[in-house]
Amino acid sequence: MKNQFNITPEKLKGPFNLHLTICSGQTSQPPWKEDNGYFQELVLVEGKPCLVKIRQEDVDLEGKLNIIYESPEEIHEKNIEAKVQEIFGLNDDLNQLYNFLNEDPNLAPAIDFCQGLRLFKAHNPFECVISSISSANCSIIRWTRSIQDIKLKWGDAYKFSSGKHYSFPSPNVLGAVPEHEMEEIQRSEDDLPENFVFENNLQSCGVGYRAKYIIQAAKMVQNEINLDKLVKMKYEKAFDSILDIPGVGPKVADCILLYGFGKGEAFPTDVWINRIISHLYFKGENKKPSEVRAFGRENFEVYAGYVQLYLFHYARNSGLLNKLKV
DNA sequence: TTCCAGGTAGTCG
DNA sequence: CGACTACCTGGA
């Protein structure tokens, strides 16, 4: 089946900038691939593979969204629309957010730099767990490449009119993958050609020492951690339980809760947010990440996730970030 | 070529 | 608990 629908701007509360939302480097998933004016990604809807292509007519935020979808199976269009709304934060009330930001002189300047920027939620919570672990102590460009690589090597391939697309592997598949080249060689048959290249192992995806965390995390999600239950848990309880996953500390946990489970009160505190908050609210006095996280949660409450997103984007584009480099 | 960024885990007091 | 360091890789 292949069809399309539109979402008009009147349906949204406040502005929306599709390009900005996808390309602002948020830590939930790699940006969707751009092709022919559309951003596209293979997404599961009703548990069925669905290629979703989305485009915003006119970049001035007034244009409607056009969504084309394609699937080998029958899917209710309503569910595809709901998925798109969820992924791009289209149900978030940005007018309300801007009212909140305007009350704080430190936050108000961010609005102009971030018009229409929304939280880019993960379409696959397990992928979000793994990409958040991969992102720790790592550049955006590197973990993004790693996630693409993992999909290519172990995801399921689906053919569409525009070509092949790969899903993110399930926890049981990823949990059974060789950690590094050594393990792959040990597991392989011994009648391989002399020059055989061993690259079906996690470390060959550029994840470095995080490979063992990723495999253990996959096994935990398969056996003892129920992601569906996490969504329904209160923020604090969910935070504590995912800290048990190897490779997940406070920052990664907050990324998972914010982007993977829609907990808007999470305040992921990386070095940049730490510096920005220290600069804006503590006269540059170097605060500890745990203090900054607590400060963000107390002061920004349900908007904490958005404040983090807006502050980082604002700092990067206003030149503040460069000033804060040591 | 070496140096460095970037969160977490592990160790030591 | 706090302070400190090793970890892997790619880019400067």
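Note that the coordinates shown come from a computational prediction; the quantities given were computed from them, not determined experimentally. Every heavy atom of this structure was used, including side-chain atoms; hydrogens, water molecules and symmetry mates were not.
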Listed pairs under 3.5 Å, donor-acceptor, residues 249-262 of chain A side chains, sequence neighbours left out:
| unit_1 | atom_1 | unit_2 | atom_2 | d |
| --- | --- | --- | --- | --- |
| A:D254 | OD1 | A:Y235 | OH | 2.4 |
| A:D254 | OD2 | A:R293 | NE | 2.9 |

Requested in this report: Hydrophobic side-chain clustering at under 4.5 Å (ILVMFWY, transitive links): who's grouped with A:Y166? Put none if nobody.
Outcome: A:L152
Query raised in the report: For A:E236, what residues pass the salt bridge (charged side-chain N to carboxylate O under 4.0 Å, His left out) criterion, not counting sequence neighbours?
Result: A:R297
Report summary line: The contact string for nucleotides 8-13 of chain B, one letter per nucleotide 5' to 3', using protein heavy atoms under 4.0 Å with B, S and - for base, sugar-phosphate only and none, comes out as SS----
Query raised in the report: To the nearest Å, how far apart are A:R210 CZ and B:dG7 P?
Result: 10 Å
Query raised in the report: Aromatic ring centroids of A:Y310 and A:F113 under 6.0 Å?
Result: no
Query - All stems with DNA chain B, defined as three or more consecutive Watson-Crick or G-U pairs under 3.5 Å - result: B:2-13 with C:1-12
Report task. Output all residues satisfying salt bridge (charged side-chain N to carboxylate O under 4.0 Å, His left out) with A:E127, sequence neighbours left out; order by chain, then residue number. Result -> none
Query raised in the report: On DNA chain C, which is the earliest and which the latest nucleotide, 5' to 3', with an atom closer than 4.0 Å to a heavy atom of chain A?
Result: C:dC7 to C:dG11
Query raised in the report: Who passes salt bridge (charged side-chain N to carboxylate O under 4.0 Å, His left out) against A:K212, sequence neighbours left out?
Result: none
Query raised in the report: What residues, two or more places apart in sequence or in another chain, satisfy side chain to side chain donor-acceptor pair (under 3.5 Å) together with A:K121?
Result: none
Query raised in the report: If you link I, L, V, M, F, W and Y whenever their side-chain heavy atoms are under 4.5 Å apart, who else ends up in the same group as A:L42?
Result: A:L51, A:Y158, A:F160
Report task. May I have all residue pairs that pass salt bridge (Lys or Arg N to Asp or Glu O under 4.0 Å) and include part of residues 92-102 of chain A, sequence neighbours excluded? Result -> none
Query raised in the report: Which part of the nucleic acid, if any, lies within reach of A:W143 when heavy atoms closer than 4.0 Å are counted: base, sugar-phosphate only, or nothing?
Result: nothing
Report task. For A:K33, check salt bridge (charged side-chain N to carboxylate O under 4.0 Å, His left out) against everything at least two apart and list the hits. Result -> none
